[in-house]
Amino acid sequence: MPAPAVSATPPDAQLGEFELIRKFFTRAPVRAALGVGDDCALLGQRAGTQLAISSDMLVEGRHFFPNVDPRALGHKALAVNLSDLAACGAQPLAFTLALALPQARAAWLEPFSQGLLALADLHGCELIGGDTTAGPLNICITVLGEVPTGQALLRSGAQVGDDIYVSGTLGDAYLALQVRLGHLTLPEPVFAAARQRMEQPTARVALGLALRGVASACADISDGLLGDLGHILERSGVGACIHTGAAQELLAARGLYGDNHAAFEAQIGSARALQCVLSGGDDYELVFTAAPAQRAAVQVAGHSCAVAATRIGQIEATPGVRLLDANGTQVPNHYTSFDHFAA
Ligand code: ADP
Ligand code: MG
């Protein structure tokens, strides 16, 4: 029987499992030899490449608010996975989608799939399969990317003396979360910009590709700068110092106040800005290291994809992270990063 036209389904209609897969998640394969519809998808692999594979799960009430816009949620579910590919310098190829849904409503599935597939198209990353079940809302994506053999950016490559960089701006997602949790109020335009960062992050895929052969180590910032930089330090067996003055400038909301420093201090404040940047998660920027000899190359990589790369510190031999003020004096580090199982 031919598939019914999309417009034939009332938005509040309950769909069956296979009807919803066919209607919202089945498209003609582009690169894959076989996509949705069989027991497995088939994907060829090019000679001289390695597959980069990563999974990320979003759980309602833990990673997103129950009333979040489904289109933004579809975007974010894939963006957080693409961000892992970016961190490895891998080119996105394909992904699978495992979905638990309380109800199969077209009114939710249509914008969710549109947000998801629009971002997928932007990166040429095709949906090749998945699983669908009834249950509490839970979205798990596994993404596959391609990287020339031996060229993936790893967490383990940082060397003593390397510079530490952060891409784009940082901390605004956490700023928006604090507003949503009622801990802070902000003028509407400031909140709107921060909320955009929380709900529709941009994965730095082009930057990750441009940093191959330039960065010595890289990670994406999902749980907070200190936590994710900490993974690089641990895997590389090194420590770091961070310049707090440079770090707090990374908060994009600061720029919205222009020269009105008094308003910025009254509404957000430098201490909170630093806390958002160091501890706040969910921005999906890249933290990476590169030898000082690569400074010009780092800037070229950033310019090539219109993303700032800000130098915020150096790799040192002594384990741990030291925070330095503008005078180079060490200040207390009482910041932590997000941990799902922390008390
Ligand atoms: P199986 O039971 O053999 O695992 P299913 O009956 O669950 O397969 O799924 C049928 C087909 O639909 C498979 O090709 C599977 O990959 C695909 N699929 C299921 N759910 C999704 C989804 N949410 N998005 C994309 N493809 C899906
Ligand atoms: Mg199945």
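Indexing begins at 1, ligand by ligand and atom by atom, following the structure's order.
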Task: Shared-cluster residues of Leu144, by chain and number - hydrophobic side chains joined below 4.5 Å - done: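 So far as hydrophobic clustering goes, Leu144 is joined with Leu43, Leu51, Ile53, Leu93, Ile128.
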
Open item on the list: Show me the pairs that pass ring pair (Phe, Tyr, Trp, His ring centres under 6.0 Å) and involve residues 248-291, at least two apart or across chains.
Closed with: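 Applying ring pair (Phe, Tyr, Trp, His ring centres under 6.0 Å) to every pair that reaches into residues 248-291, excluding sequence neighbours, yields Tyr165-Phe288, Tyr257-Phe264.
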
Open item on the list: Please identify which of these residues, Ile164, Val321, Asp283, Val287, meets the side chain to side chain contact (heavy atoms under 4.5 Å, CB included) condition with Leu225.
Closed with: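 With Leu225 as partner, side chain to side chain contact (heavy atoms under 4.5 Å, CB included) holds for just one option, Val287.
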
Task: Residue selection (non-hydrogen contact nearest atom 19 (C) of ligand 1) among Ala98, Gly35, Gly130, Cys40 - done: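 Closest candidate by heavy-atom distance is Gly130.
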
Task: Under 3.5 Å: N/O of Leu127 near N/O of ligand 1 - done: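 The answer is no, given that Leu127 and ligand 1 share no N or O pair closer than 3.5 Å.
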
- [ ] Report the part of Thr132 (side chain from C-beta onward, or backbone N, CA, C, O) that has a heavy atom under 4.0 Å from ligand 1; answer both or neither where that applies.
- [x]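 Looking at Thr132 and ligand 1, atoms from backbone and side chain both fall under 4.0 Å.
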
What atoms in ligand 1 come closer than 4.0 Å to a heavy atom of [X]?
{"X": "Asp39", "value": "3 (O)"}
{"X": "Asp38", "value": "13 (C), 14 (O)"}
{"X": "Gly37", "value": "11 (C), 13 (C), 14 (O)"}
{"X": "Asp131", "value": "7 (O), 19 (C), 20 (N), 21 (C), 23 (N)"}

Open item on the list: Tell me whether Asp282 contacts the main-chain N or O of Ala173 through its side chain, where contact means a donor paired with an acceptor under 3.5 Å.
Closed with: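 Side chain of Asp282 to backbone of Ala173: no pair is present.
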
Task: Residue pair Gln114 / Arg71, side-chain donor-acceptor N/O under 3.5 Å - done: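 Yes, a side-chain donor-acceptor pair sits under 3.5 Å.
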
Task: Donor + acceptor pair across side chains of Ser167, Glu285 (<3.5 Å) - done: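 Yes - a donor-acceptor pair under 3.5 Å links their side chains.
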
TODO: Would you please determine whether Phe18 falls within less than 4.0 Å of ligand 1 on a heavy-atom basis?
DONE: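 It does, in that a heavy atom of Phe18 comes within the 4.0 Å cut-off of ligand 1.
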
